[in-house]
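Below you'll find the structure, written out as structure tokens, and then a few comments.
Residue numbers start at 1 and run along the sequence shown. Atoms within a ligand are numbered from 1 in the order they appear, just like the ligands themselves.
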Amino acid sequence: MMRSIAIVTGATGGIGERFVKKICLMDDIDEVWAVGRNKDKLGSLSAQDPKVVPIEADLAHDGVAVIEDLLSGKKPDIRILVNNAGTGYMGPFEKMEKGSVTDLCKINCSVPAELISLSLSYMHEGARIINISSASSFQPNPYLAMYSASKVYLKNFSRALNVELRSRRITVTAVCPGWVDTGMLPRTKDGKEIRYTGMIDPETVVDKALKDSSKGKDMSVPGFFAKYFRFYSKVTPSNIVMSQWTNSIRKYL
Ligand SMILES: NC(=O)c1ccc[n+]([C@@H]2O[C@H](COP(=O)([O-])OP(=O)(O)OC[C@H]3O[C@@H](n4cnc5c(N)ncnc54)[C@H](OP(=O)(O)O)[C@@H]3O)[C@@H](O)[C@H]2O)c1
């Protein structure tokens with residue numbers, strides 16, 4: 001019998017791990033394919049819940065091919081795809097290593113599109129795609145330039161695809177949180193604590209994302225700070241927003 005599955009990339013980190021745990025609780029999901037590189041973390045996720053299928057894959061290299069092979073062998077019914085894996089770089093773009101430039105484009109932009117393209121043949125009416133963008137997609141962010149541009153791409157791609165897939169009754173939701181309390185954020189700079197305005201926990205992001213996607217919304221913006229920032233960046237000239245952002249992070253560069 002065809003298995004109903006969910007695929008979660010970046011399953012070994014803060015937001016992805018929370019998605020895995022929440023989706024495992026859904027009665028209509030038989031398996032949660034948890035994708036990441038950290039073998040120990042994948043092992044501990046599968047030890048905690050028999051629904052978890054650990055998939056060790058590096059999405060900057062042959063990770064998509066690994067998932068493609070598994071899909072063509074098992075031919076499951078994909079009910080939920082969460083494109084959550086992401087990588088960031090904060091600092092002057094000219095100091096970013098060439099390898100990191102290539103990996104960021106791949107992991108944050110091309111991999112989500114490739115996984116959606118692959119998954120659509122295994123999806124039916126009611127399937128959901130959830131793409132983790134960011135509040136940094138609301139305006140250009142100097143010193144986070146590539147990351148925020150990659151999240152604009154993912155947000156706009158998601159919203160447009162949501163319209164295209166309406167006739168198949170498949171929904172696509174872009175999730176745009178502000179700061180989230182996960183391992184992605186550095187906590188100190190030169191011995192000083194870094195403070196993140198309006199930081200929320202991964203659970204808040206995941207609960208709202210699953211709720212919004214079940215309602216067919218094309219955007220999910222969790223927490224007051226991200227909501228306010230979305231509004232503020234719409235009504236304020238972007239030069240002003242960029243300059244305020246740059247001043248607020250300069251001490252951490
Ligand atoms: N934290 C925030 O403030 C924040 C705000 C807005 C949006 N986001 C977005 O939320 C998503 C999840 O991030 P997080 O905050 O939960 O950070 P995290 O704890 O650092 O998780 C990042 C995840 O991405 C995976 N990943 C990174 N490179 C990979 C690769 N080459 N191949 C496979 N997996 C890879 C990591 O898995 P392995 O290391 O096991 O490979 C990890 O599970 C990202 O897309 C991020 O941009 C985060």
Would you please determine whether [X] falls within less than 4.0 Å of ligand 1 on a heavy-atom basis?
X      : value
Ser133 : yes
Tyr147 : yes
Asp58  : yes
His61  : no
Ala135 : no
Pro177 : yes

Would you check, one step at a time, whether the test side-chain contact (heavy atoms from CB on, under 4.5 Å) holds for Lys227 with Phe231? CA-CA 6 Å; Lys227 281 190 185 71; Phe231 170 77; over 6 Å; no
In terms of residue, atom name and distance, what is the protein heavy atom nearest to [atom]?
atom                    : value
atom 25 (C) of ligand 1 : Gly10 CA, 3.7 Å
atom 15 (O) of ligand 1 : Thr182 OG1, 2.6 Å
atom 17 (O) of ligand 1 : Met184 CB, 3.3 Å
atom 2 (C) of ligand 1  : Val180 N, 3.5 Å
atom 39 (O) of ligand 1 : Arg37 NH2, 3.2 Å
atom 45 (O) of ligand 1 : Asn84 O, 2.7 Å
atom 22 (C) of ligand 1 : Gly86 O, 4.0 Å

Angle between ring planes, Phe229 versus Phe138, binned at 30° and 60°: parallel, tilted or perpendicular?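 Phe229 vs Phe138 ring planes: tilted.
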Please answer whether the main-chain N or O of Leu115 pairs with a side-chain N or O of Ser119 as donor and acceptor at a distance below 3.5 Å.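 Between the backbone of Leu115 and the side chain of Ser119 there is a qualifying donor-acceptor contact (under 3.5 Å).
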Any chance [atom1] of [X] has more than 12 other-residue heavy atoms, nucleotides or ligands included, within less than 6.0 Å?
X      : atom1 : answer
Arg168 : CZ    : yes
Tyr143 : OH    : no
Arg187 : CZ    : yes

Any atoms of ligand 1 less than 4.0 Å from a non-hydrogen atom of [X]? List them with their elements.
X      : result
Gly178 : 3 (O), 5 (C), 6 (C)
Ser134 : 6 (C), 7 (C)
Ala60  : 31 (N)
Gly13  : 19 (O), 21 (O), 42 (C), 43 (O)
Leu59  : 30 (C), 31 (N), 32 (N), 33 (C)
Gly14  : 16 (O), 19 (O)
Trp179 : 3 (O)
Ile15  : 10 (O), 16 (O)

Validation row: [X], [Y] side chains within 4.5 angstrom (heavy atoms):
X      : Y      : answer
Leu185 : Tyr196 : yes
Tyr122 : Ile5   : no
Leu71  : Ile7   : yes
Leu81  : Met123 : yes

Check the pair Leu144, Trp245 against side-chain contact (heavy atoms from CB on, under 4.5 Å), reporting the backbone distance first and the verdict last. CA-CA 10 Å; Leu144 202 61; Trp245 157 261; 3.8 Å; yes
Check against side-chain contact (heavy atoms from CB on, under 4.5 Å), Thr171 and Asn162: CA-CA 5 Å; Thr171 61; Asn162 187 54; 3.9 Å; yes
Do Lys51 and Glu31 pass the salt bridge (Lys or Arg N to Asp or Glu O under 4.0 Å) test, and can you show the C-alpha distance, the side-chain angles, and the key distance before you say yes or no? CA-CA 5 Å; Lys51 278 190 183 179; Glu31 294 176 3; over 6 Å; no
Of the backbone atoms (N, CA, C, O) and the side-chain heavy atoms from C-beta on, which set of [X] has a member under 4.0 Å from an atom of ligand 1: side chain, backbone, both, or neither?
X      : answer
Asp103 : neither
Ala57  : backbone
Leu185 : side chain
Thr87  : neither

Is there a salt bridge (Lys or Arg N to Asp or Glu O under 4.0 Å) between Arg79 and Asp28? Walk through the geometry before answering. CA-CA 9 Å; Arg79 305 302 302 154; Asp28 57 343; 5.2 Å; no
Testing the basics here: between Leu120 and Ile170, what is the closest heavy-atom pair and its distance to 0.1 Å?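 Where Leu120 meets Ile170 most closely, the heavy atoms are CD2-CD1, 4.1 Å.
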Does an N or O anywhere in Thr12 fall below 3.5 Å from an N or O of ligand 1?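 So ligand 1 has an N or O lying under 3.5 Å from an N or O of Thr12.
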